Amino acid sequence: MKDSNAGDLLRSIPSMDELLGAPWAARFYGGLGRETVKSVITEALNGVKRDICEGTRFSLPAAEIAARRATGMLNARLTSTLKPVINATGVAVHTNLGRAPLAREALRAVSDIALSYSTLEYSPEKGGRAGRNAHVEWLICQITGAEAALAVNNNAAAVLLALSATAAGREVIVSAGELVEIGDSFRIPEILAFSGAKMKAVGCTNSVRIEDYSNAVTENTAVLLKVHPSNYRIDGFVKSTSREELARLAADRNLVFIEDLGSGLLCRLKLPFADREHSVKDCLEAGSAVVTFSGDKLLGGPQIGVIAGAKRIIDSMKRHQLLRAFRTDKMTLAAFEATLRLYLLGRQRDIPVISMIEADKSVLLKKARSLRRVLSRTASGVKPGGFAVSVVETLDAAGGGSYPTDAIPGFGVEIRASSVSVEALSARLRTAGVPVIGTVRDGCLVLHVRTLLPGDEKSLAASFKEALSSL
Ligand SMILES: *Cc1c(COP(=O)(O)O)cnc(C)c1O
C-alpha cells in the first residue's frame with residue numbers, strides 16, 4: 001500500500017552526488033574504488049525506494065536510512081559471503097551447510113598443494129607426464145576391493161560419465177521405484193536422457209522382480225542400473241530385486257550392472273541400524289560391476305565423485321571425452337587422497353562426519369551440559385531472566401540421503417525466550433558474525449550438539465551474546 005507521504009519520503013532521499021560526497025562513502029573509495037561504491041549505493045537506494053513505495057514505515061529520516069543501508073551493503077561487499085557457520089541441526093551431512101567438514105589431515109594436504117607447484121600430473125621417477133587419477137586410484141581400490149577407479153567432480157558427473165561410456169544410443173533398464181530426484185536438480189530420467197541412453201523403466205513404484213528386468217532386455221540393452229533412493233523410503237508392501245540377482249542377469253545377457261550408491265560408505269558404522277546402508281565394498285562383492293558415489297557425504301571428504309569397479313569398464317571411461325570436462329581440481333584431489341589414507345590406516349574415526357555419526361550418547365550429554373552452562377551464563381549476563389536454557393534429548397540424522405528414515409538419538413540445548421519470538425531469536429543467531437543454524441521445535445530453539453566441531457562452543461557463545469544484545 002502506498003503511504004500518503006511516500007512522495008515526500010522519496011523526495012527527501014539525498015541525491016547520488018550528495019551521498020558520494022558523504023564521509024562514510026569516501027571511506028570506501030580506497031578499497032573499492034569510486035565506481036564500485038557508486039553502484040552499491042545505487043543498489044541500496046533502489047531498495048530504500050522500493051520499501052517506501054511498499055509502505056514500510058521508518059523511524060529515521062530517509063537520508064539516514066539510505067546511509068545506513070549503503071554502509072551495510074558496502075561492508076558486506078568487503079567480506080566473504082562463503083563463510084564458516086555453526087551447524088547445530090544435528091544433521092551430520094548437511095547439503096546446504098557444505099556437506100562434510102574435512103579432517104585436519106585433508107586440510108593440511110590442501111594447503112600444502114595449493115600454495116606450491118605439485119606432482120598433480122607429473123611423475124618424478126619418469127621425469128615426465130603422469131595422470132592425476134593415479135593419486136587416488138590405488139587407495140580407492142585397496143579400500144573398496146575394486147579393480148579400478150576414476151575420480152571426477154561429483155557423483156552426478158560420475159553417473160553421467162558411467163552411463164555415457166557404457167550406454168549411449170542403447171537401453172538402460174532401471175526400476176520405476178528408483179527414478180528419483182536427489183537434491184533439487186539431479187533427476188535420474190534426465191541424467192539418463194542426457195547421457196544419450198534410452199531409459200526403460202520396469203516394475204512399479206513399490207515392487208520390481210527380476211523377471212521384470214529380464215523380460216525387458218533386448219539386443220539393444222547395455223546396462224542394468226540400480227539407484228540408491230537416497231532421501232526417501234517406501235514402507236509397507238515393498239518388493240525389490242537383490243544385487244546378486246541383477247548381477248547374475250547382467251552376466252547371462254552380457255550387460256553392465258551399474259549402481260549409483262549415492263553416499264560413499266567405506267566402513268561399517270557403529271549404529272544400531274548400520275546394515276541399512278551398504279558400503280561400496282558390499283556392493284562390489286554382491287556383483288555390481290561399477291559403483292558410483294560421492295566423496296562429501298558419508299565418506300566425509302571433499303566434493304568428488306568416484307566410479308569404482310571392473311577395470312575393463314572403467315578403462316573405457318578413462319578414455320571418454322567427458323572426463324576432460326569432469327576432471328577434479330588439485331585441491332580436491334589432495335583433500336581426497338588424505339581422507340582416503342585415513343581409511344587405509346584404519347583412522348576413519350578422525351574423519352569428522354564419521355565421529356559425529358558414531359558419537360556416544362554420554363559424550364553428547366556432556367557436550368550439551370557444558371553448552372547449557374555457557375549459554376545460561378551468557379543469557380543472564382545480557383538479558384537476566386529473559387531466556388531459559390535446558391538440556392533436551394534430540395533426534396539427529398546422518399544426512400546426505402543416507403539412513404533417510406533412521407533418526408539417531410542425541411542431545412542438545414533448548415532455548416526458551418519469554419519476551420521475544422523464537423523466530424526472531426533464530427534469525428539473529430543466523431545473521432550473527434558466525435551464523436548459528438539450529439532447529440525449532442514446539443516454539444523453542446534447539447541446538448543439537450552432535451554436529452558441533454571442536455571450538456564451536458566458544459564461537460556459539462559469542463554469537464549468542466551478539467544475538468541477545470541485538471534483540
Ligand atoms: C547425492 C546423490 C547423487 C548426487 O551426488 P553429488 O555428489 O551431489 O553430485 C547422485 N545419486 C545419488 C543416489 C545420491 O544420493
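Only heavy atoms go into these numbers, but all of them, side chains included; no hydrogens, no water, no symmetry mates. Because the structure is a prediction, the values reported are computed rather than measured. In each ligand, atom 1 is the first atom listed, and ligand 1 is the first ligand listed.
- Side-chain contact annotation: Arg349 with Ser355, donor-acceptor N/O pair under 3.5 Å absent.
- Remark: Phe186 engages no residue in a ring pair (Phe, Tyr, Trp, His ring centres under 6.0 Å) (not counting sequence neighbours).
- Each of Val180, Ile188, Val174 was checked for a side-chain contact (heavy atoms from CB on, under 4.5 Å) with Asp260, and the lone residue meeting it is Ile188.
- Side chain to side chain, Thr218 and Asn220 fail the donor-acceptor criterion of an N or O pair below 3.5 Å.
- One N or O on the side chain of Thr144 and one on the backbone of Ile140 form a donor-acceptor pair closer than 3.5 Å.
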Please tabulate, one line per pair, the protein nitrogen or oxygen atoms found under 3.5 angstrom from a nitrogen or oxygen of ligand 1, with distances to 0.1 Å, or say none if there are no such pairs.
unit_1	atom_1	unit_2	atom_2	d
ligand 1	5 (O)	Ser294	OG	3.3
ligand 1	7 (O)	Asn155	N	2.9
ligand 1	7 (O)	Ser294	OG	2.7
ligand 1	8 (O)	Arg99	NH1	3.0
ligand 1	8 (O)	Arg99	NH2	2.8
ligand 1	9 (O)	Asn155	N	3.2
ligand 1	9 (O)	Ala156	N	2.8
ligand 1	11 (N)	Asn155	ND2	3.4
ligand 1	11 (N)	Asp260	OD1	3.3
ligand 1	11 (N)	Asp260	OD2	2.6
ligand 1	15 (O)	Ser230	OG	2.5
ligand 1	15 (O)	Lys297	NZ	2.7

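- Ser459 and Asp456 form no side-chain donor-acceptor contact under 3.5 Å, judged by distance and modelled atom types alone.
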